[in-house]
Amino acid sequence: MKENGRTMNEMVNLRLVITLCCFAIVGVRHDAVAQSVPDLARARQVSQHGVTWKFDREVPVGQFVNGDFYVVGPVTVVEIDPAPVDGMNGSVLNLNPRRGKSGFDSRASRGNSYDAGMRSAPPIAMKPGDSLLSSVSAEKERQFPQMLWPFQPEKGMARCWVRSVSVLTCMDGAQPADAFRPAFCDLENRIFLARNLRRDLLPKLKPVEGTPSPAEFAKHFQRCWVDVMRQNKGAPAEYAAQYGRETSRAGGMATLILMCDFPDEEKEKLLVNIVQYGIDLYGTLEAGWAGWETLGGHGQGRKWPIVFAGIMFGSEAMARPDRTFPRIVFQEDDQTVYGKGWTGATALFAGHIGRSGWDLYPDQDSRGFFAEPVHPSEWPDDGKGSKFSNPGKTAEAYRRCCTSHAWIATALSIRIMHAEATWNHDAFGDYCDRWMTEDDSEHVKILTEHAGLIIDAAKRQGRTWDPWVDATYKQYRKALPPARTIDFVSPDPYPARAPAAQSDGTLDRQRRRSERPGDRPSRERRRSDRPDKRPTRDEESRRSDR
């Protein structure tokens with residue numbers, strides 16, 4: 001649709017730029033600035049990221065601060081392009097995160113992340129509070145290279161049939177031009193405002209050589225990450241991380257870039273986009289998503305975007321999700337504990353499925369083995385040659401391939417912001433310091449001799465896969481900027497509305513389904529066979545409160 005020679009999208013984008021310039025005020029609260037609600041243009045269709053939604057009539061159309069569209073409803077979507085055919089290009093109205101599936105592409109049924117009953121086909125009636133997620137399917141699996149893949153690109157093609165996902169939200173009226181899109185599963189359409197972001201809490205450090213530009217990294221988070229399928233199985237292949245390792249790296253690096261002294265206007269888009277991701281993650285927890293349980297490297301990278309967004313908004317409920325949703329497992333915390341390791345370290349890696357897995361797989365011949373307190377010469381091995389025949393070897397391999405490297409940018413971001421108390425798990429930061437400073441030369445020899453691990457240079461301690469992160473750690477870990485007060489607005493402007501996941505048994509059921517036959521011993525045996533060398537949770541908790 002055109003008006004005075006400009007397309008609908010061009011007009012709305014121009015208004016958005018003008019308004020953002022007006023609202024780029026550091027640390028201003030929403031009660032100190034009058035609400036600015038734009039006059040909305042009307043259209044019969046809108047397009048974004050390869051998806052076009054067509055309506056039954058002309059309706060008011062606006063854009064959120066991140067560029068996503070909304071319509072003032074009720075409205076009926078009568079056509080979607082590309083058309084949902086042959087099980088592809090699917091749309092989902094009001095995605096329910098508790099199900100851990102989507103209706104985007106039937107080919108994902110092989111990964112058990114597809115549910116045909118979740119698909120919505122035109123005509124789709126939308127009322128205020130509704131969110132419609134519409135996908136564009138990839139032509140084939142492994143069509144696109146994985147985002148931030150650290151190894152040979154040809155071996156890192158995205159294993160997802162969904163290329164991209166766009167979000168259309170139905171609102172009850174025009175929104176301020178600096179309004180964030182409500183979380184895609186928030187049926188109440190809670191609005192967060194960019195003017196409330198505590199930009200003053202971000203230091204302005206001199207970037208080290210090789211630091212990516214804010215514009216380059218903003219692209220990673222521009223489109224919606226639908227992060228409610230196990231093991232990243234629904235992550236859109238064209239732009240979203242396909243593995244939790246890269247999810248973690250992306251979030252940590254994004255915030256490190258925001259703490260550099262690039263011009264504020266250059267950082268604004270990246271700030272908006274990473275905060276929008278945090279809002280979406282927070283919204284899934286409120287809607288009952290059972291969390292990202294620890295599994296190798298899959299579940300990491302979700303806590304920090306939520307914490308960071310909460311700090312930026314002054315929302316304690318959001319900034320401390322481990323307290324707001326105490327049943328949720330965040331992998332970085334779950335895999336780092338205090339204890340006495342065989343290398344002499346005291347901040348330890350808790351294993352392939354973390355400390356939450358100790359009760360699920362307590363036997364030393366199973367995947368929940370806590371290897372770090374035990375010398376490699378004593379690691380059990382059943383001789384069958386399977387992945388978990390030597391669970392200590394497996395845990396150490398994942399410690400070096402899929403987790404520790406990915407955590408450093410996040411841990412350093414927490415240190416630079418002096419947000420340790422908000423993060424609320426000291427063992428994580430201390431473990432990351434160990435990874436970057438402990439000389440593992442002799443340890444590697446022992447691991448090769450007793451466990452048969454061949455550890456190449458890329459998997460050695462003291463480095464990440466991102467040289468500029470290494471340089472930033474070296475430059476600022478011992479030269480942190482002065483602390484700035486992280487305070488929370490009272491009453492909390494964005495309290496948790498319905499922390500349904502606190503009482504939800506979904507996570508326990510999912511773990512039970514994932515167990516292999518014979519893995520889980522009787523309750524009595526689980527109680528009696530806990531290794532003496534494994535610290536209890538009370539002991540770890542006391543240590544972490546030091």
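Note that the numbering runs from 1 along the sequence shown for the chain. Atom set for the values below is all heavy atoms of this structure, side chains included, hydrogens, waters and symmetry mates excluded.
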Hey, do the aromatic rings of [X] and [Y] have their centres closer than 6.0 Å?
X	Y	value
F428	H425	no
Y243	H298	yes
F104	Y114	no
F180	F313	yes

* **For W407, the option from Y431, W465, W304 that meets ring-ring contact (aromatic ring centres under 6.0 Å, His included)** => Y431

* To do: Would you mind checking if E332 and K303 are paired as a salt bridge, meaning a charged N to carboxylate O distance below 4.0 Å?
  => no

* Any side-chain heavy-atom pair from M312 and L271 closer than 4.5 angstrom? ->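 Counting from C-beta outward, M312 and L271 do come under 4.5 Å.
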
* Is F369 close to H352 at the side-chain level, that is, under 4.5 Å between some pair of heavy atoms? ->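 A side-chain contact is absent here, since even the closest heavy-atom pair is not under 4.5 Å.
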
* May I ask you to check whether R320 and N424 show a side-chain donor-acceptor distance below 3.5 Å? => no

* **Identified side-chain hydrogen bond (donor to acceptor under 3.5 Å, both in side chains) partner of E238 from the options H49, Q143, R163** =>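 When side-chain hydrogen bond (donor to acceptor under 3.5 Å, both in side chains) is applied between E238 and each of H49, Q143, R163, only R163 qualifies.
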
* Asked: Which of parallel (below 30°), tilted (30 to 60°) and perpendicular (above 60°) describes Y277 and F221?
  -> tilted

* Looking at P236 and Q242, what are the two nearest heavy atoms and their distance? ->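 Smallest interatomic distance, heavy atoms only, reads O-NE2, 3.4 Å.
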
